[in-house]
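Below is one structure, written out as C-alpha cells; the observations come after it.
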Amino acid sequence: QVQLVESGGGTVEAGGSLTLSCSASGRTFSNDHMAWFRQAPGKERDFVAGIRWMSGHTYYGDSVKGRFTFSRDKGKNTVYLQMNSLKPEDTAIYYCAIDPRAILSQLRVSGAYDYWGQGTLVTVSS
C-alpha cells in the first residue's frame, strides 16, 4: 500500500522560508510523477510543483516560480519543497501526490494523481 507522509509545515512571517518533506513508501518508483498541490480555505486544489521521477525534471506553477524549489532524494524516496520569500497568499494545506501513469500533459492536473498524503498546513503571516 502506497503511503505518503508530509512534514515541515508551520507558521512563518512573510518573506520567510520553510522546507516541506514528503516520504513515500509501498512503491518502487520509476516512471512516476510526484507533485505538490495546495488548497486554501474555500478554494480549489492548485498545482504548486511537480517532478518527473526518472529524469528529475521539475515544473512549477506560475505563482511560485522563482521562489520554490522541488527536489528529490531517490535513495530515500523523499521529495522536498523549499519555499522562499513566502507570501500570505501561500497560506494553504500542502499535499504531495503520486501519478503512476506519468502523462506529461496531466502533470499539473490533480485528478491524474492516485496517491495523496494527509497534507501539512503552511501559514504565512503578514
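Quick note: numbers below take in every heavy atom, side chains included, and nothing from hydrogens, waters or symmetry partners. The shown structure was predicted, so the numbers you read here are calculated from the model rather than taken from an experiment.
- Contact between N31 and M54 at its shortest, heavy atoms only, is N-CE, 4.3 Å.
- The cluster map of Ile, Leu, Val, Met, Phe, Trp and Tyr, joined by side-chain heavy atoms under 4.5 Å apart, puts L121 and L20 in different clusters.
- To the nearest 0.5 Å, atom CG of residue N77 and atom CH2 of residue W53 are 5.0 Å apart.
- Shown here for R52 and A102, the closest heavy-atom pair between the two residues is NH2-O, 3.7 Å.
- S126 and A14 get closest at one heavy-atom pair: CA-CB, 4.4 Å.
- Taking hydrophobic clusters as Ile, Leu, Val, Met, Phe, Trp and Tyr residues chained together by side-chain heavy-atom distances below 4.5 Å, F68 shares a cluster with V12.
- The distance from the OH atom of Y60 to the CZ atom of R108 is 11.0 Å, given to the nearest 0.5 Å.
- W116 and V5 are members of different hydrophobic clusters when ILVMFWY side chains are connected at heavy-atom separations under 4.5 Å.
- For T120 and R38, the side-chain atoms include no donor-acceptor pair closer than 3.5 Å.
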* Asked: Going through the distances and angles, do R72 and T78 end up as a side chain to side chain contact (heavy atoms under 4.5 Å, CB included)?
  -> CA-CA 6 Å; R72 66 161 169 29; T78 299; over 6 Å; no
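- Separating the SG atom in C22 from the CD atom in Q3 is a distance of 11.0 Å, to the nearest 0.5 Å.
- The two atoms that bring F37 and A35 nearest to each other are CE1-CB, 3.6 Å, heavy atoms only.
- Not counting sequence neighbours, the partners of D32 by the salt bridge (Lys or Arg N to Asp or Glu O under 4.0 Å) test are R27.
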* Go through the steps to decide whether Y59 and F47 satisfy the test side chain to side chain contact (heavy atoms under 4.5 Å, CB included), and finish with yes or no. => CA-CA 10 Å; Y59 303 81; F47 173 80; 4.3 Å; yes
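- F70 and L107 fall into different hydrophobic clusters, where Ile, Leu, Val, Met, Phe, Trp and Tyr residues are linked whenever their side-chain heavy atoms come under 4.5 Å apart, directly or through other members.
- Side-chain contact, T19 with Q82: a donor N or O sits under 3.5 Å from an acceptor N or O.
- Ionic pairing of K87 and D90 is not present here: no N-O contact between side-chain nitrogen and carboxylate oxygen is shorter than 4.0 angstrom.
- Judged by the 6.0 Å and 45° rule, R45 forms a cation-pi pair with Y95.
- Side-chain atoms of Y113 and P100, non-hydrogen and from C-beta on, never get closer than 4.5 Å to each other.
- Distance check, rounded to the nearest 0.5 Å: OG of S63 to CG of D46 gives 7.5 Å.
- Of all the heavy atoms in L81 and A49, the pair that sits closest is CD1-CB, 4.2 Å.
- For K43, the NZ atom is loosely surrounded, since the number of other residues' heavy atoms within 6.0 Å does not exceed 12.
- Taken together through direct or relayed side-chain contacts under 4.5 Å among Ile, Leu, Val, Met, Phe, Trp and Tyr, W36 and Y80 form parts of separate hydrophobic clusters.
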* L86 and L18: CA distance, side-chain angles, deciding distance, side chain to side chain contact (heavy atoms under 4.5 Å, CB included) verdict -> CA-CA 8 Å; L86 283 161; L18 279 175; 4.2 Å; yes
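- Counting only heavy atoms from C-beta outward, the side chains of M83 and V122 approach each other to under 4.5 Å.
- With rounding to the nearest 0.5 Å, the separation of OG in S25 from NZ in K76 is 15.5 Å.
- At least one side-chain heavy atom of I98 sits under 4.5 Å from a side-chain heavy atom of L4.
- With a 4.5 Å cut-off on side-chain heavy atoms, D114 and R101 count as touching.
- Here the closest non-hydrogen pair linking Y94 and E6 is O-OE2, 3.9 Å.
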